[in-house]
Amino acid sequence: MINQDLPQVKTVKLLFVAMEEQQQAMFKMAFKMHNTTNYEVIDPASGQKPELVIVDGDNSGGMSNWHKAKGDYPGSIVVYFSKSPPSITAPYLSKPIKFDTLFLSLRNLLQGNGVWVVHGGQQVQREPVQTATAHTAHQQHTAKSNEVLIPRFDPNVGVLGAFRKSIQQHHNSVIMIDGKPVLAVFPAIQRVWVAVDAVQLRELCGRSNAEIAVKTIPEDSNLHERVNATITSCMWQLALWTANGRLVQPINPHTVFRLKTWPNLTRLTALPESMRLSAFLTKTPVSLNTLYKLMPLEMADILNYIAATYLTDYLEITQQVQETASSTHTATQTTSVEARREQPQAQRQVEQPKSGGGLLSRFMKKLLNK
C-alpha cells in the first residue's frame with residue numbers, strides 16, 4: 001500500500017550511448033545525490049524505451065552515433081553530449097557535467113529546451129525556457145543580472161487583509177463588499193460563513209479597488225448557524241487566490257523559512273507539488289533563492305505554497321535578511337530571484353579526479369575502481 005504522506009518521485013528512464021564507463025560513473029554518482037527525480041539508467045538490451053538518450057559526441061563516430069540513436073529511439077529526446085557544440089541543430093549538453101546545473105539542464109532537455117540551433121551555418125544557443133514564468137506579463141528576465149522579476153503582494157489589504165484583521169478580533173464580524181456580505185468570521189469557534197460562491201470569491205480576491213467594510217455581528221444573531229468552513233481552510237484558499245503566483249510580503253528572496261508542522265493537506269485545497277515542498281521544508285530551513293535552485297518546480301507553485309503556509313501559520317521565518325537596493329523594485333512591486341542559470345563563480349565541476357590525496361579524489365578513484 002502506498003503511503004499517501006510521502007511525495008511521489010518521478011522516474012525518468014535514461015540511456016547512454018557511446019559513453020565510457022568512467023563518464024557514466026560520474027553521471028550515476030550525481031543521480032544518487034538527487035532525490036526529486038529518479039533517473040534510471042537502462043540497458044539497451046532491456047527492450048525498454050528511454051525518455052532521454054545521451055550520446056557522447058567526443059568519442060569516435062560521435063555524430064554518426066547521434067544520428068543512429070535518433071533512428072533507433074524515435075520519440076525519445078536524443079542529446080548530443082560534448083565539449084563543443086554540434087554542427088547541427090540538436091539538444092545539447094555541454095561537458096564537463098556540473099552538480100549545480102546538471103539536473104536543471106536535464107529537466108530543460110526533457111521539456112524540449114536546451115537545443116543548439118544552427119541557421120545557415122550560424123550557431124545560436126536557444127535559451128532554456130525559464131520555469132519561473134507564473135505570469136509572463138508581470139515577470140521580466142534580465143540577461144545582465146540573470147534574475148527573474150516576480151510580483152509581490154501585501155497580505156494586509158483587500159479581502160485577505162480584512163479577513164486577517166477579523167480573525168484577530170475578540171468579536172464576530174462580517175466582511176462586506178459593495179454593501180453585500182462576503183465572509184462572516186467567528187473567531188471563538190474558528191469557523192467562517194462564506195456567503196458567496198467560489199467564482200465570486202476568487203474574483204473578489206483579485207480586486208484591488210473593492211469597497212470593503214467590516215461590521216460587528218450582534219450577539220443575538222444566529223448567523224453562526226450558517227458556518228460552512230474553518231478559519232484555516234478559508235485562509236488557505238484566500239491566500240492561494242490572492243497570491244496567484246506572487247510573493248507574499250514580508251518574505252523576500254533571501255528570507256530563510258521552514259515549516260513548523262506538515263499542513264493537513266487532506267483537508268485543504270489541493271496545491272501542485274505541496275507534498276514535495278512539505279517534505280523538504282519540514283527538514284530544511286531555506287531561502288526562496290536556494291529553494292528555487294534546488295527544487296525543479298514551477299515558481300508559481302512555490303510562491304502559492306509559501307503564501308498559503310505562511311498565512312495559515314504553518315511556515316515560520318527563521319531569519320529575515322534585508323534586500324539590497326538592486327534586488328528590490330518598489331515602483332513595480334516586484335522582487336528579483338536568481339534564475340536557474342550557470343553561475344561560473346559558484347559552480348562545482350564534476351571532472352576527472354586529479355592526482356593527489358584529496359577526499360573527493362580518493363572517492364572518485366574508488367568509485368571508478370582505480
Side-chain angles (χ1 to χ4, degrees), residues 1-12 35-38 107 110-111 130-136 138-139 150-153 155 158-161 163-164 167 182-183 185 190-207 227-248 251 257-284 286 288 291-292 294-316 337:
M1 182 176 179
I2 298 176
N3 185 345
Q4 298 298 327
D5 290 335
L6 295 177
Q8 302 301 305
V9 178
K10 174 180 172 60
T11 296
V12 174
N35 58 9
T36 57
T37 301
N38 176 35
R107 182 172 181 240
L110 285 166
Q111 293 177 341
Q130 292 294 332
T131 59
T133 54
H135 297 276
T136 308
H138 297 289
Q139 296 182 4
I150 56 175
R152 304 175 72 167
F153 75 97
V159 177
L160 177 61
F163 184 69
R164 295 186 73 198
I167 64 178
V182 175
L183 299 168
V185 185
Q190 290 290 292
R191 303 281 287 180
V192 181
W193 173 46
V194 182
V196 296
D197 61 34
V199 175
Q200 289 178 287
L201 186 56
R202 183 169 190 168
E203 188 271 332
L204 291 171
C205 286
R207 289 174 56 180
V227 294
N228 52 11
T230 64
I231 281 181
T232 298
S233 63
C234 188
M235 177 66 80
W236 180 277
Q237 186 64 79
L238 293 178
L240 292 179
W241 283 340
T242 305
N244 200 23
R246 298 183 296 171
L247 180 61
V248 61
I251 294 176
F257 49 80
R258 66 180 295 275
L259 277 183
K260 299 177 186 177
T261 58
W262 191 303
N264 188 350
L265 299 172
T266 60
R267 297 188 177 185
L268 300 170
T269 300
L271 181 62
E273 307 296 351
S274 57
M275 298 289 283
R276 187 180 295 187
L277 286 164
S278 297
F280 184 84
L281 290 173
T282 51
K283 298 179 180 178
T284 311
V286 70
L288 176 59
L291 179 62
Y292 182 53
L294 294 177
M295 302 287 280
L297 307 177
E298 295 291 336
M299 177 63 87
D301 294 335
I302 295 176
L303 297 179
N304 289 340
Y305 179 89
I306 289 174
T309 52
Y310 176 70
L311 293 171
T312 51
D313 203 33
Y314 284 109
L315 193 77
E316 67 175 349
V337 176

Closest contact, heavy atoms only, Arg107 versus Glu298: NH2-OE2, 3.9 Å

Donor-acceptor pair, Arg207 side chain versus Val159 backbone, under 3.5 Å? no

Thr269 side, atom OG1; Trp236 side, atom CH2 - distance, nearest 0.5 Å: 8.5 Å

With rounding to the nearest 0.5 angstrom, report the CG to OG1 distance, Leu311 to Thr242. 8.5 Å

Under the salt bridge (Lys or Arg N to Asp or Glu O under 4.0 Å) definition, can you give me all pairs with a residue in residues 264-274, not counting sequence neighbours? Glu273-Arg276

Is there a side chain to side chain contact (heavy atoms under 4.5 Å, CB included) between Leu271 and Leu277? Walk through the geometry before answering. CA-CA 10 Å; Leu271 181 62; Leu277 286 164; over 6 Å; no

Could you walk me through whether Phe153 and Leu247 satisfy the side chain to side chain contact (heavy atoms under 4.5 Å, CB included) test, starting with their C-alpha distance in whole Å, then the side-chain angles of each, then the deciding distance to 0.1 Å, before giving a yes or no? CA-CA 6 Å; Phe153 75 97; Leu247 180 61; over 6 Å; no

What pair of heavy atoms forms the shortest contact from Met235 to Leu160, and how long is it? SD-CD1, 3.6 Å

Looking at Leu201, is its backbone amide N or carbonyl O close enough to the side chain of Trp241 to form a donor-acceptor pair, meaning the two atoms are under 3.5 Å apart? no

Atom CH2 of Trp262 and atom OG of Ser274: how far apart are they, to the nearest 0.5 Å? 8.5 Å

Arg191: partners by salt bridge (charged side-chain N to carboxylate O under 4.0 Å, His left out), with sequence neighbours left out: none

Rounded at 0.5 Å granularity, tell me how far CH2 in Trp193 sits from CG in Asn228. 8.5 Å

Just so I know, are the side chains of Pro263 and Thr312 near enough to count as touching, which here means a heavy-atom distance under 4.5 Å? no

The test is side chain to side chain contact (heavy atoms under 4.5 Å, CB included); show your working for Tyr305 and Leu297 and say whether it passes. CA-CA 11 Å; Tyr305 179 89; Leu297 307 177; over 6 Å; no

Starting at CG of Asp197, measure out to CZ of Arg202 and round the result to the nearest 0.5 Å. 12.5 Å

If I compare all heavy atoms of Val194 with all of Ala229, which pair ends up nearest, and what's the gap? CG2-CB, 4.3 Å

Any sub-3.5 Å donor-acceptor pair from Thr309's side-chain atoms to Ile306's backbone N or O? yes

Looking at every non-hydrogen atom in both residues, tell me the closest pair between Gln200 and Val196 and how far apart they are. OE1-CB, 3.7 Å

Taking all heavy atoms of Ala308 and all of Ala239, pick out the closest pair and write down the distance. CA-CB, 3.8 Å

Scanning both residues in full, the closest heavy-atom pair of Pro155 with Val248 reads CG-CG2, 3.8 Å

What verdict does the side chain to side chain contact (heavy atoms under 4.5 Å, CB included) test give for Leu288 and Leu303, after you've listed the backbone C-alpha separation in whole Å, the side-chain angles of each residue and the deciding distance to 0.1 Å? CA-CA 9 Å; Leu288 176 59; Leu303 297 179; 3.9 Å; yes

Rounded to the nearest 0.5 angstrom, the NZ-CG distance for Lys260 and Leu315 is 8.5 Å

So Ile167 and Val192, do their side chains get closer than 4.5 Å, heavy atoms only? no

